[in-house]
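Have a look at the structure below before the remarks.
Since this is a predicted model, take the numbers as computed values, not measurements. We count ligands from 1, going down the list as the structure has it; atoms in each ligand are counted the same way.
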Amino acid sequence: MCGIIGFCGSLPASEVLLAGLKQLEYRGYDSAGIAVLSENGIRMEKAIGNVSRLEEKLGTESFSGNCGIGHTRWATHGGVSEENAHPHHSGRVTLIHNGIIENYKEIWEKYGVGRTLVSQTDSEIAAVLFDSLYEEGKPEEAIWKAVSILEGSYAFCILFEDIPDTIYCIRKVSPLVAARVKEGSFVASDVTALIAYTQEYFVLPEDTILVLKKEEMYLENQGNQVKPELLHVNWDTTAAQKNGYPHYMIKEIHEQPEALHNTITPRMKDGIPDFEVDKIPDDIFKNIHQVKIVACGTAMHAGLVGKVLMEKRVRIPVTVEIASEFRYQNPIIDNRTLVIVISQSGETIDTLASLRLAKSEGAYTLAIVNVKGSTIARESDYVFYTHAGPEIAVASTKAYTVQLAAMVLLAVRMAYVRGIREIEKIKQDYEALKQASEAVHASLALEEEIKELTYALTEKEDLFFIGRGIDYALSCEGSIKLKEISYIHSEAYAAGELKHGTISLITEGVPVIAIATQKEVYAKMISNIREVKARGALVILITQKDTPVESSLYDYHLTVPELPDEFTPIPAAVILQLIAYYTSVHKGLNVDQPRNLAKSVTVE
Ligand code: F6R
């Protein structure tokens, strides 16, 4: 949450900062601002709304200077206003911040004497603290003193008025990456902002100051220089562009066949899942008596599908936990527990805290993560990287389907090493996973049909998803996708549970998206669909292709190719993503940046 960029080098800083902020905008888009150092001092500009508003405000006005900082905000502390937009300024200090300062009140009471605040933010109070502790020419000392006082999470980029062309950075929990290239020194919340210049970067270690200058960049810890550990991203600038699509979301929906291929293929050896490339040992699958899957939002929904797959194959108890609950529930974990955390960004604070808790209790930890070098990836015992490439749209799509593929691979490997599934069946699972990935093309081919039928949803206020078993797990994902970008109230229900209360909400014309791809419970599902149809629901039915269906049961019927039951969520998810996407498009909403949301939730 909140995007940060800093640059010192040979290019005009304001241009570099604006371009970087556009790449980071998915981290927050309530307001944006930049501050640039020049021989005339620090010049700052802020605007409410997204980065293009800031750009409009700056107009063609030249903003001279080659060193500066920029921020795009997701409001936590203080409403959406220009005063609360970053950068914040106090005395000789101008800074940008991502995170939350928990002891801001105490800091203000002790260090704010005689000062006035312009904003309602904790970040401005941090600027007050840095300025109070700053003695001319000794920025590092001020930073070390300040971080010994600050409580909470932070990534700061700081300009000191009397130190020309230099940016100081420090972080705790909140992410910062950096790169030194021929054009100068860069720091940012994530690598998407740097990718136009380089594919080599490093993650700023915690408790280390990063100093950016035009000619050099270095890390130091209490006077000692620290060598950065370089990382490489295997995608380039085109992967982070819309490439002719109207929105990132639809581009990312279309990228799923490739993302699945890239995630699955390196992990298959002779038809059996193999994690040699990931260096994941079989011990963590053998020596355990329970699995806990911990994640948030869409990633947690991937876990729900994973639970069904794993329990069926491995016959081991698997629970799926919402990370923000798990960490405060004194969970039952021991050194024979495998905790699988799932996170696209690898930075979600509750998932990270849950991972730390699991480690402290002695569990084996395995992270399924998309962003290379992210905090969760670095802190977990083992990492399974999904290869979805950068996901920019706030609504997660391709990251979800590759997480499903990861869950299949893990479940099957676990069954294999525990010797409870015959090789033949394991090979069949692999074939089914390949077919499911191929079947995504068939779902994408339904795009025009889905575009038309979603006109029927745009005026609706409430909508329900129903399914049984793995289709219920998928319903949860369909529901979050639709509500987050179309603003239609939506709920997911286990189909058999409807008549225990919720069916009272089904009246004439209420849409029900019924996912009925599981042959095992198909007859039961049909009964549940009859119940809603009898009460006037507008039914969009999703089944496997060759399943016989009575036409009186539905208003619209969409199918996925024939597959073994547990593999249908991959192509069916794509149908649900397209339904959410086109409903939002027809309503004229900001698909990629839905209100109040941001990608990468780095606050609790
Ligand atoms: C919904 C969505 C969110 C994320 C959740 C976890 O479309 O994207 O629900 O899935 O915030 O994020 P990660 O996976 O980055 O931990």
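Of all protein heavy atoms, the one lying nearest to atom 14 (O) of ligand 1 is Gln344 N, 2.6 Å. Ranking protein heavy atoms by distance to atom 6 (C) of ligand 1, first place goes to Cys296 O, 3.3 Å.
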Determine whether Thr298 and Lys481 satisfy the following criterion, side chain to side chain donor-acceptor pair (under 3.5 Å), listing intermediate values before the conclusion. CA-CA 8 Å; Thr298 287; Lys481 211 83 318 168; 3.0 Å; yes
Show your reasoning for whether side chain to side chain donor-acceptor pair (under 3.5 Å) applies to His387 and Thr263. CA-CA 5 Å; His387 297 302; Thr263 300; 5.8 Å; no
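Expressed to the nearest 0.5 Å, how far OG of Ser174 lies from OH of Tyr154 amounts to 9.5 Å. In this structure, Ser52 OG and Tyr29 OH are separated by 13.0 Å, a value rounded to the nearest 0.5 Å.
Neither the backbone nor the side chain of Glu347 comes within 4.0 Å of ligand 1, counting heavy atoms alone.
Close contacts between ligand 1 and Ala395 involve ligand atoms 7 (O) [criterion: under 4.0 Å to a heavy atom]. Shown in contact with Ala299 at under 4.0 Å from a heavy atom are these atoms of ligand 1, numbered in order with element: 10 (O), 14 (O). The Ser343 neighbourhood of ligand 1 comprises atoms 13 (P), 14 (O), 15 (O), 16 (O), with distances under 4.0 Å to a heavy atom of that residue. Within ligand 1, counting atoms from 1 as listed, the ones closer than 4.0 Å to a heavy atom of Val394 are 7 (O), 8 (O). Near Glu484, the atoms of ligand 1 lying under 4.0 angstrom from a non-hydrogen atom of the residue are 1 (C), 7 (O). Listed by atom number, the atoms of ligand 1 under 4.0 Å from Ser345 heavy atoms are 13 (P), 15 (O), 16 (O).
For atom 2 (C) of ligand 1, the nearest non-hydrogen atom from the set Thr298, Asn370, Leu597 comes from Thr298.
Residue contacts with ligand 1 include Lys481, since one or more of its heavy atoms lies under 4.0 Å from the ligand.
With hydrogens and angles left out, the side-chain atoms of Glu566 and Gln518 include no donor and acceptor closer than 3.5 Å.
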